[in-house]
Asks: 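My questions all concern the structure below.
Predicted model only: the values in this text are computed from it and were never measured. In the text below, chain A, chain B and the rest are named by the order of the sequence lines, each starting its count at 1.
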Amino acid sequence: MVSQLSRPSSGDRTAPSDPQRLLRLRHTCAHVLAMAVQRLFPETRVTIGPSTETGFYYDFDRAIAFTPDDLTRIEAEMRQIICANLPIVRETVDRDELRAEIAQMHETYKLEILDGIPLGEPVTRYYIGCPDPALPPGAEPPSLFDLPAPGEPAPAGTYWWDLCAGPHLNTTGEIHPDAFALESVAGAYWRGDETKPQLQRIYGTAWETPEQLQAYLQQKEEAKRRDHRKLGQELDLFSIQEEAGGGLVFWHPKGARMRLLIEDYWRNAHLAAGYDLLYTPHIANLDLWKTSGHFEFYRDNMFDSMTIEAQQYQLRPMNCPFHVLTYQNQLHSYRELPLRWAELGTVYRYERSGVLHGLMRVRGFTQDDAHVFCLPEQVSDEILAVLNLTEQVLSDFGFTEYEVNLSTRPAKSVGTDAVWDLATDALIQALDNKGWDYVTDEGGGAFYGPKIDIKIRDAIGRLWQCSTIQVDFNLPERFDLHYVAADGSRQRPIMIHRAIFGSLERFFGILVENYAGDFPLWLAPVQLRLLPVSDGQRDYANGVAQTLKRQGYRVEVDASGDRLGKQIRTAELEKIPVVAVVGKREVEEQTLSVRTRQDGDKGVLGLTELQGLMAQAIAYRRRV
RNA sequence: GCCGAUGUGGCUCAGUGGUAGAGCACUCGAUUCGUAAUCGAGCGGUCGCGGGUUCAAAUCCCGCCAUCGGCUCCA
C-alpha cells in the first residue's frame, strides 16, 4: 500500500500567495481540525469540511455539544499537528475495499459520501501523517501529545485520513501556526437538509500569514463597530422590543427623522421619473390572495388569516395584488401605458424566530414598491428606465458599486416555459442595453417570474441585496387584466415589479453600517448642535438656532448645563456632524466657533459662512 | 423552526445557594466654566416570564419568550 503513495516535499510556508493555494490551505485546515477533533473526542463521526470565503469549517456528529473550552483544546491540538509538519498523502483506493474499511469504522456519513461518488470516478483519500504498514487497520495510532520538536520526523504510524477529492497542501507544516483560528461552533444540517440529522459545525479562519489573519480579525472588529443594532441603540434611532414581539421595529424620533428624509427623497425621485403614488390597505379579503396565487405559493411566509364578520381577511405579505386591483378598477387604453405606480407599502411576513436579525430580517417592513403596467414592446425600455432610476437613487445614498444577478425560473413556480423565456429575455436585453455585467442565478427567481437583483457594496466591501426588478406575466393573467389596443381589441398588459431600497428597514440598517453612524449631512438627524460655554450665552444660542431652524436646518442647543468639554464629548459620541461653540467672544462678535466631525476645529465663522458650509455639504450629499 | 450561547436598574457589566452591586445616564445641590468626562448627594432592579427543588434561589431543575452565533429560508 505504501508504495502507491506519493511523498510530498518538505513544508514550505513561503510559497507565493495565490487563490488556489489559499483554498488548499483552508481545506487542509479543515482536515487538521477533523483530525484534532477525532484525536480528542474519538466518539465523534466526521462528515464534510470545505473551505469558505474566509476559512473553513467541518461538520461533526457527536452526541455531546462542543464547548468554547473544547474549541481552545482543539485549536491547541491542531497547532501540534501543524508543528509536527506531517506529510499529506493522496491515495487512489478501491471503492469496495474502502467501503469495508469505512463500515468497520462506523463512519456512516463517509459511507454515504462514498456511495454518492459516481461509478467510474476515481475514489481518493488523503492521509495526514504516514500510515504504518505494521499497524493493523483501525488500530489506535500513537498519541500526538508527545510529538517531536517542529522539523523533526513524526513517529511512524501517526496518521489520520479522510475520504476526499482534494486538493491539499503537501504537509501540515505549510500552514502557519499563527495564521489560523477557530471561531465558533454552530448547528448545521447534514447535507443542508433540515429533515436530516443536525450536526455540529466548527468554523475556523485561515490565512497565508499572521498579518493576513490579523487584518481579517480587524475587519471583523470593524464590522462589529458598525453593527446597526449596536449603533441603533447608541444613537437612539430605533428599537425592537420584547414586549411587542420579535421582528417588529419601533422608529425613535431620530431614526424616524431620517426615514422621513429618505422617503421624501424617494417620493420626489419617483414623481420626477414619471411615477404616480398609491396608498393601499394593509389587509384584504383572503380570496384576493387565492386569486393572486400567494395563498398557494407564498403561504409559508404569511401570517394566519383573521375572521371579520364571517369573512377571512389576510395581512398582506406583498403589495402587488393591491396595485393590480387599482389597475382593474377601470378600463385602460393602450395610450395610457406605461402606468408606473409606486407605494411605500408596509407588508407583514411570517419569519421563523431563528432568522430574525435587527433591521435586516424582520416580520413587518416597508417596501419601496412599484409596478409598471406596460405594453409588450415597452417592457425592455421600462426595465432599462428602472435600472437608470435605481442607479441614480443608490448613488445618491453613497452606493456606486453593484453586483447584478439574473435569477431564472425556480422549481416551485407558475406559468409556461414560453412565458418565462420571454420575460427572461426582456431582462437580459435591458441589462445589455444598460451595459451591466451580471451573473445568472439558475432557479433563483420568484414563483411568478424571473428577476434582476442588485447587490450594493458598502464602505468596507460587503455586499447587500437591495434592489429587485421582476417581470410578471402571471398576475395579469390571474386577474384577467387588459387594456384596449389600437384596433379596439382587449390585450393583456405586462407587469413589472420593482423595489430600489427593497425594504426601508433593511436599507436603513445598511446605511447605518455603511456610514458607521456618521451620516452625510443631508441625512443626519441632528445637523448642528450649539454649545453654550455658560448660561450667559444661552439666549444667543437659542436665537441662532431659531434662525437656522426657520431655514430648514436641524439644529439643537445643548441644554445640559455641562462644561464645554463634556458637551463636546457628548456631541462626538452622538456623532453630531457640526457643533458650534458659543462663548462670550462669539456673543460679542456675533460669530460661532465651528467644529466638524471630519475636520475638527474650523475656527470662528459668521452665521452666513456656517450656512454656506452646511448648504454645500447638503447639496453634495457629503459628510462634514 | 433546529443546534449552541446569553438574558441582573435607561445603558455597559460584576455578583454561582444565605440581606441585590459598580460606572455611565437621570434628579437635586454647589460650580458659570473655552474644544472628548467638575464635585457631592439622591432616585432607580420582585435579577426575561412561569413553574419546581430547598429552611433559603439572580444562583440548581423544567417549560416558555427574547436576543446573539450559525443551519434552513429570505427584502
Asks: Grab the two heavy atoms, one from R316(A) and one from G345(A), that are nearest each other, plus how far apart they are.
Replies: NH2-CA, 3.5 Å
Asks: Given A75(B), G1(B), C71(B), which nucleotide is nearest the side-chain atoms of Y203(A)?
Replies: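 Of A75(B), G1(B), C71(B), C71(B) is nearest to the side chain of Y203(A).
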Asks: Do Q198(A) and C71(B) share a donor-acceptor pair, side chain to base, under 3.5 Å?
Replies: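 Side chain to base: no pair present.
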Asks: When the P atoms of G18(B) and A56(B) are considered, how many whole Å apart are they?
Replies: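 To the nearest whole Å, 14 Å.
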Asks: Could you list all N or O pairs between the protein and nucleotides 22-31 of chain B that sit under 3.5 Å apart?
Replies:
unit_1: A25(B); atom_1: OP1; unit_2: K566(A); atom_2: NZ; d: 2.6

Asks: If I pick the C1' atom on C13(B) and the same atom on C74(B), what distance separates them, to the nearest angstrom?
Replies: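 Approximately 35 Å lies between the C1' atom of C74(B) and that of C13(B).
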Asks: For the side chain of Y189(A) and the base of C2(B), is some donor closer than 3.5 Å to an acceptor across the two?
Replies: yes
Asks: Say we look at C61(B) and C24(B): how far apart would their C1' atoms be, to the nearest angstrom?
Replies: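 Pairwise C1' distance, C61(B) against C24(B), rounds to 36 Å.
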Asks: Are a donor atom and an acceptor atom from the side chains of W190(A) and D59(A) found within less than 3.5 Å of each other?
Replies: no
Asks: Using every non-hydrogen atom in the two residues, find where K455(A) and N405(A) come nearest and quote the distance to one decimal.
Replies: NZ-ND2, 4.0 Å
Asks: Using the C1' atom as the reference point in each nucleotide, state the distance between C43(B) and G10(B) in Å, no decimals.
Replies: 13 Å
Asks: Between side-chain atoms of residues 249-260 of chain A and protein atoms elsewhere (two or more places apart, or another chain), which donor-acceptor pairs fall under 3.5 Å?
Replies:
unit_1: H252(A); atom_1: ND1; unit_2: D236(A); atom_2: OD1; d: 2.7
unit_1: H252(A); atom_1: NE2; unit_2: S239(A); atom_2: OG; d: 2.7
unit_1: K254(A); atom_1: NZ; unit_2: E574(A); atom_2: OE1; d: 3.4
unit_1: R259(A); atom_1: NE; unit_2: E263(A); atom_2: OE2; d: 2.7
unit_1: R259(A); atom_1: NH1; unit_2: E505(A); atom_2: OE2; d: 3.4
unit_1: R259(A); atom_1: NH2; unit_2: E263(A); atom_2: OE2; d: 3.3
unit_1: R259(A); atom_1: NH2; unit_2: T366(A); atom_2: OG1; d: 3.1

Asks: For nucleotides 64-68 of chain B, give me every protein contact, N/O to N/O, under 3.5 Å, one pair per line with atom names.
Replies:
unit_1: C65(B); atom_1: O2; unit_2: E242(A); atom_2: OE2; d: 3.3
unit_1: C68(B); atom_1: OP1; unit_2: R229(A); atom_2: NH1; d: 2.8

Asks: Using the C1' atom as the point on both nucleotides, what is the distance between U46(B) and U19(B), in whole Å?
Replies: 15 Å
Asks: Out of A36(B), G1(B), A75(B), which nucleotide sits closest to the side chain of I568(A)?
Replies: A36(B)
Asks: Under a plain distance cut-off of 3.5 Å, with no hydrogens placed, do T195(A) and D193(A) share a side-chain donor-acceptor pair?
Replies: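 Looking only at side-chain atoms, T195(A) and D193(A) do form a donor-acceptor pair, the distance falling under 3.5 Å.
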Asks: C74(B) P sits how many Å from N405(A) CG, rounded?
Replies: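 One finds 14 Å between P of C74(B) and CG of N405(A), rounded.
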Asks: Using only heavy-atom distances, decide whether a donor-acceptor pair under 3.5 angstrom links the side-chain of R361(A) to the base of C73(B).
Replies: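 Answer is yes: a donor-acceptor pair is held.
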Asks: Quick one: do the Q537(A) and S534(A) side chains pair a donor with an acceptor below 3.5 Å?
Replies: yes
Asks: Indicate, yes or no, whether a donor-acceptor pair under 3.5 Å links the base of G34(B) to the side chain of S593(A).
Replies: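 Yes.
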Asks: Centre of F56(A)'s six-membered ring, under 6.0 Å away, within 45 degrees of the axis: is that where NZ or CZ of R26(A) sits?
Replies: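 That pair does not qualify as a cation-pi contact.
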